[in-house]
Amino acid sequence: MGILVDRNTPPVAVKFGNEPDDGLEVNTVFVKARLSLGDTIHIEEASYKMEMAGDGSTAFRVPVSSIGQMVAGLRTAVTGWSGPLFEGVKYKRAIWEEIDTAECEWWIRLVHQRVNELNKPRSDDPKAADPNG
């Protein structure tokens with residue numbers, strides 16, 4: 001295992017149905033198998049907005065909404081999509097600004113969860129913390 005993310009690793013397919021409880025896996029969102037440090041920094045920076053203090057002299061970093069943070073991550077992690085849910089919608093990073101979050105939040109959460117699983121730090125592994133395990 002090297003210290004650099006292998007950019008030749010194929011994307012991971014996250015499959016799901018047309019509705020939250022639909023068991024058919026007819027839609028696919030492709031995500032990067034691993035995020036690089038640069039990707040992680042980009043996501044972190046996009047997860048905050050700058051707000052000025054009441055006197056206008058000081059700026060503060062304020063987290064965006066939870067869905068905004070998820071979209072910031074997916075904007076970096078997603079490489080494409082296919083299936084009936086995405087029919088006629090070509091994937092591009094800028095498309096996230098146009099997505100209806102009320103309709104799509106369920107699959108956004110599902111894909112975001114999978115990205116987090118793929119990029120779980122080794123130190124989060126309970127077996128790694130136990131020297132006897």
Side-chain angles (χ1 to χ4, degrees):
M1 175 181 280
I3 64 168
L4 302 179
V5 171
D6 182 359
R7 295 289 182 191
N8 295 320
T9 302
V12 173
V14 182
K15 296 183 173 285
F16 51 91
N18 284 323
E19 297 179 14
D21 297 326
D22 184 354
L24 299 174
E25 295 182 334
V26 294
N27 296 294
T28 306
V29 173
F30 299 96
V31 297
K32 294 178 182 177
R34 296 291 295 170
L35 298 175
S36 69
L37 179 59
D39 291 336
T40 303
I41 290 169
H42 180 75
I43 293 166
E44 181 71 19
E45 291 298 318
S47 295
Y48 290 90
K49 60 184 175 181
M50 297 300 286
E51 288 192 3
M52 297 300 289
D55 61 7
S57 65
T58 310
F60 295 96
R61 283 180 49 155
V62 179
V64 296
S65 67
S66 62
I67 191 75
Q69 290 176 356
M70 284 186 262
V71 169
L74 296 182
R75 186 177 279 138
T76 299
V78 172
T79 62
W81 56 34
S82 67
L85 193 64
F86 306 106
E87 190 172 326
V89 182
K90 181 176 166 85
Y91 181 76
K92 56 186 179 208
R93 289 181 79 182
I95 199 72
W96 292 99
E97 300 296 325
E98 300 174 33
I99 290 179
D100 182 339
T101 54
E103 290 293 321
C104 301
E105 185 174 351
W106 66 273
W107 66 260
I108 290 172
R109 288 186 182 281
L110 186 141
V111 174
H112 184 262
Q113 179 181 354
R114 182 65 177 127
V115 169
N116 285 344
E117 290 168 2
L118 291 168
N119 289 280
K120 185 177 181 180
R122 292 174 76 184
S123 60
D124 284 356
D125 181 2
K127 293 179 185 175
D130 181 6
N132 299 321

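Along the sequence shown, residues are numbered consecutively beginning with 1.
Hydrophobic clustering of Ile, Leu, Val, Met, Phe, Trp and Tyr side chains at less than 4.5 Å, counting indirect connections, keeps V26 apart from V29. Hydrophobic clustering (ILVMFWY, side-chain heavy atoms < 4.5 Å, transitive): W96 and L85 are in one cluster.
Here the CG atom belonging to L35 is positioned 4.0 Å from the CG atom belonging to N119, to the nearest 0.5 angstrom. A distance of 8.0 Å separates CG in L24 from CG in N18, rounded to the nearest 0.5 Å. In this structure, the separation between OG on S65 and CE on M70 is 8.0 Å, given to the nearest 0.5 Å. Atoms CD1 and CD, on I108 and Q113 in that order, are 14.0 Å from each other to the nearest 0.5 Å. Interatomic distance, I67 CD1 to L74 CG, rounded to the nearest 0.5 Å: 8.5 Å. Within the model, atoms SG of C104 and CZ of F86 stand 7.5 Å from one another, a figure rounded to the nearest 0.5 Å.
At a threshold of 4.5 Å between non-hydrogen side-chain atoms, the residues P63 and Q69 count as touching. Annotation: side chain of D22 is not in contact with side chain of F16 (no heavy-atom distance under 4.5 Å). Residues V12 and R114 form a side-chain contact, since some pair of their non-hydrogen atoms from C-beta on lies under 4.5 Å apart. Contact annotation: the side chain of F30 approaches that of S82 to within less than 4.5 Å [non-hydrogen atoms, C-beta and beyond].
Remark: side-chain polar atoms of W81 are paired, donor with acceptor, to backbone N or O of V89 under 3.5 angstrom. In this structure, D39 contributes its side chain and S36 its backbone to a donor-acceptor pair below 3.5 Å. Side-chain atoms of R34 come within 3.5 Å of backbone atoms of L118 as a donor-acceptor pair (strictly under, hydrogens ignored).
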Assess whether side-chain contact (heavy atoms from CB on, under 4.5 Å) is satisfied between K32 and V5, documenting all intermediate values.
-> CA-CA 10 Å; K32 294 178 182 177; V5 171; over 6 Å; no
Would K92 and E97 count as a salt bridge (charged side-chain N to carboxylate O under 4.0 Å, His left out) if you check the C-alpha gap in whole Å, the side-chain angles of each, and the deciding distance to 0.1 Å?
-> CA-CA 11 Å; K92 56 186 179 208; E97 300 296 325; over 6 Å; no
Tell me, with the steps shown, if N27 and K15 meet side-chain contact (heavy atoms from CB on, under 4.5 Å).
-> CA-CA 6 Å; N27 296 294; K15 296 183 173 285; over 6 Å; no
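The heavy-atom pair separating R93 from R75 by the smallest distance is NE-O, 3.0 Å. When all heavy atoms are compared, the tightest approach of Y91 to V78 is OH-O, 3.4 Å. Listed here is the closest heavy atom pair of G17 and W106: O-CH2, 3.3 Å. Across all non-hydrogen atoms, the minimal contact from T9 to A33 is CG2-CB, 3.6 Å.
Within a 6.0 Å radius of CD in E117, more than 12 heavy atoms belonging to other residues, nucleotides or ligands are found.
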